[in-house]
2 protein chains.
Amino acid sequence: MNVHSTTQVPKMIKLDKRDEILRAARELIAEHGFHGAPMALIADRAGVGAGTIYRYFENKDVLIGQLHQNLEERLYPHILTGYAADQTIRARFLHLGTALLHYFIANPLDYRFLQQFYNSPYGVDHRRDKILGVKDGNDVFCVLFAEGVTQQVLKDLPMVILFGLYFGPLLAVARDHILGFIQLDEDLITRTVAACWEGIQK
Amino acid sequence: MNVHSTTQVPKMIKLDKRDEILRAARELIAEHGFHGAPMALIADRAGVGAGTIYRYFENKDVLIGQLHQNLEERLYPHILTGYAADQTIRARFLHLGTALLHYFIANPLDYRFLQQFYNSPYGVDHRRDKILGVKDGNDVFCVLFAEGVTQQVLKDLPMVILFGLYFGPLLAVARDHILGFIQLDEDLITRTVAACWEGIQK
DNA sequence: CAAAACGGAATGAACGTTCATTCCACTACT
DNA sequence: AGTAGTGGAATGAACGTTCATTCCGTTTTG
């Protein structure tokens, strides 16, 4: 009927299915780990056939890599909302930490997927590339930590340790909230992030 | 000749094989995760037949549970060496944190096994039991944290969060050392543990 | 004291299941 | 009618587990 739809409709359909597959895979991996997310189940939950997945992703490894990338594309805009480079370093740390906790509380599946990801060979390789500087180092966090070190408001410790001191507790607390071991509220979040800051400040 | 040997010799042989299986399983799981440690490989590395494992452990789940128990039995004596309940709370925190880091650095396979364990359903269930008080709460760490809270030298935060604030960075730093992202020395360890303490103290 | 018989420990081939991936008949559009 | 897209059965590799058999130290027998 409409001649103009010929190029658009197929593209839209493709994107829809791709997104459904990503969503289904994220849910299953977050809930049951990599082992509890066979391709057949992902296909079922996405409402597509098992073979269809391979039209969008070369294999399971590629699918998982795309999931990670997709997550970063949703996480970064969120934590950068209201982030201003002209704030004090302390204010920026508190902003990022709070935003990170909020995001994980609002998107527990994303947290649990990340947890699975970084505790697998995928994540270790990914981090190795990043730390050893193979990839671009202009990460928001890297920039902020580097600035804190040069301005001497942060402890004189290697960057990697500062990262651990700041993100270690944040991720642990997020995990315990998501697992139901504790109920975080605004006040608790504020005080937790403040404690993380105290750990790294000079 | 010696009548008494009849009961002892078989027992010694049995213990040896059991230990070999535990060691092989720990190594493989630490190096390649639960998925990269099939029973056949564990048997190979232990120098026993595949079926032999099932003479000592009912199934893989039980084997993994025993591995965790075995690890705690080796870890606790180590971190409690030189630990005195009459020291200040701060001194005791520094002692335990330092001992923990030292242990993980000296026994990276144990760290990596624990990492795998706590990021699996086994570990989550285990922690749920512990936190919800199903098990005995007279853990060294629990006692110390509780004392710190009642004596008001620790921040007024829920125990679970204090745990996260203290162990989160420690485990993150241990991980990065073991993965080779940083080379910890005595000085770095001392300052890292001190930073962890600063995060939880009032 | 030698030799035969015994019994539990050890074995690894085999089994059933589950997984990622492939393949091809079928659909739905133009 | 032709073609790109789709679903789900088919495939083979890999897994945990089982079990008939072997092995070996001890005991019993002659």
Side-chain angles (χ1 to χ4, degrees), chain A residues 1-29 31-67 116-117 120-122, chain B residues 1-26 28-29 31-67 116 120-122:
Chain A
M1 309 174 183
N2 188 350
V3 192
H4 302 305
S5 64
T6 49
T7 55
Q8 287 185 355
V9 168
K11 268 198 178 177
M12 282 174 60
I13 289 172
K14 274 176 90 172
L15 281 177
D16 276 356
K17 293 226 174 184
R18 209 188 108 99
D19 284 350
E20 283 304 296
I21 293 166
L22 284 173
R23 184 189 51 76
R26 177 169 56 247
E27 287 175 10
L28 279 170
I29 290 173
E31 287 166 14
H32 306 111
F34 285 112
H35 316 287
M39 294 298 254
L41 262 190
I42 294 174
D44 273 3
R45 192 181 277 227
V48 304
T52 305
I53 296 179
Y54 290 86
R55 295 202 58 77
Y56 295 93
F57 307 97
E58 194 186 334
N59 56 45
K60 198 175 184 179
D61 281 7
V62 169
L63 168 58
I64 288 168
Q66 295 286 312
L67 268 176
Q116 295 287 334
F117 183 80
S120 71
Y122 307 113
Chain B
M1 307 178 177
N2 188 350
V3 193
H4 304 303
S5 66
T6 51
T7 56
Q8 285 184 355
V9 169
K11 267 198 179 178
M12 282 174 59
I13 290 170
K14 274 177 88 173
L15 282 178
D16 274 359
K17 294 230 173 187
R18 210 189 106 100
D19 285 349
E20 282 304 297
I21 293 166
L22 285 174
R23 182 189 53 76
R26 177 169 55 246
L28 281 170
I29 290 172
E31 287 166 14
H32 305 112
F34 286 111
H35 316 285
M39 295 297 254
L41 262 191
I42 294 173
D44 272 2
R45 191 181 278 228
V48 304
T52 306
I53 296 179
Y54 292 86
R55 297 201 57 78
Y56 295 94
F57 307 96
E58 195 185 333
N59 54 45
K60 198 175 184 180
D61 281 8
V62 169
L63 167 59
I64 288 167
Q66 295 286 313
L67 268 177
Q116 295 287 336
S120 72
Y122 307 113

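Order of the sequence lines fixes the chain letters, A, B, ..., with proteins taken first and strands second; residue numbering starts at 1 for each chain.
Between B/Leu63 and B/Ala25, the shortest heavy-atom contact is CD2-CB, 4.2 Å.
Inter-residue side-chain proximity for A/Leu22 and A/Phe57 is flagged as met; some heavy-atom pair is nearer than 4.5 Å.
Judged as a side-chain contact (heavy atoms from CB on, under 4.5 Å), and not counting sequence neighbours, the contacts of B/Tyr54 are B/Met39. Not counting sequence neighbours, B/Arg55 has no partner by the salt bridge (charged side-chain N to carboxylate O under 4.0 Å, His left out) test. With sequence neighbours left out, the side-chain contact (heavy atoms from CB on, under 4.5 Å) criterion links B/Ala46 to B/Glu20, B/Ile21, B/Ala24, B/Val48. Taking the side-chain hydrogen bond (donor to acceptor under 3.5 Å, both in side chains) definition, one finds that A/Gln66 meets it with A/Arg18, sequence neighbours left out. Here A/Glu58 pairs with A/Val62 under the side-chain contact (heavy atoms from CB on, under 4.5 Å) rule; sequence neighbours left out. Take A/Asp44 and apply the side-chain contact (heavy atoms from CB on, under 4.5 Å) test, not counting sequence neighbours, and it matches no residue. Partners of A/Phe34 according to the ring-ring contact (aromatic ring centres under 6.0 Å, His included) rule, which considers only residues two or more places apart in sequence or in another chain, are A/Tyr122.
Per the geometry, CD1 belonging to A/Ile53 stands 17 Å off P belonging to C/dC23, to the nearest Å. For the pair B/Tyr54 OH and C/dA10 C1', the interatomic distance rounds to 15 Å; values are reported in whole Å. In this structure, the CD atom of A/Glu20 is 12 Å from the P atom of D/dG7, given to the nearest Å. The distance from atom CG of B/Leu63 to atom C1' of D/dT17 is 13 Å, rounded to the nearest whole Å. Between the C1' atom of D/dT18 and the CD atom of B/Glu58 lies a distance of 14 Å, rounded to the nearest Å. The CG-C1' distance, from B/Asp61 to D/dG16, rounds to 11 Å in whole Å. If you measure from atom OH of A/Tyr56 to atom C1' of D/dA4, you get 11 Å, rounded to the nearest angstrom. Atom CZ of A/Phe57 and atom P of D/dT6 are 13 Å apart (whole Å).
Set against C/dA13, D/dG16, C/dA9, the side chain of B/Ala50 has C/dA13 as its closest nucleotide. Counting only heavy atoms from C-beta on, A/Lys17 has its side chain closest to D/dG7 among D/dG7, D/dT17, C/dA9.
In the helix from C/dC1-D/dG30 to C/dT30-D/dA1, the rotation axis of the first five pairs and that of the last five pairs differ in direction by 20°, rounded to 10 degrees.
Each of A/Gly51 and B/Arg55 was assigned the nucleotide of DNA chain C with the nearest heavy atom; the assignment lying further toward the 5' end belongs to B/Arg55.
Less than 4.0 Å separates DNA chain C from at least one heavy atom of each of the following residues of residues 38-48 of chain A: A/Pro38, A/Met39.
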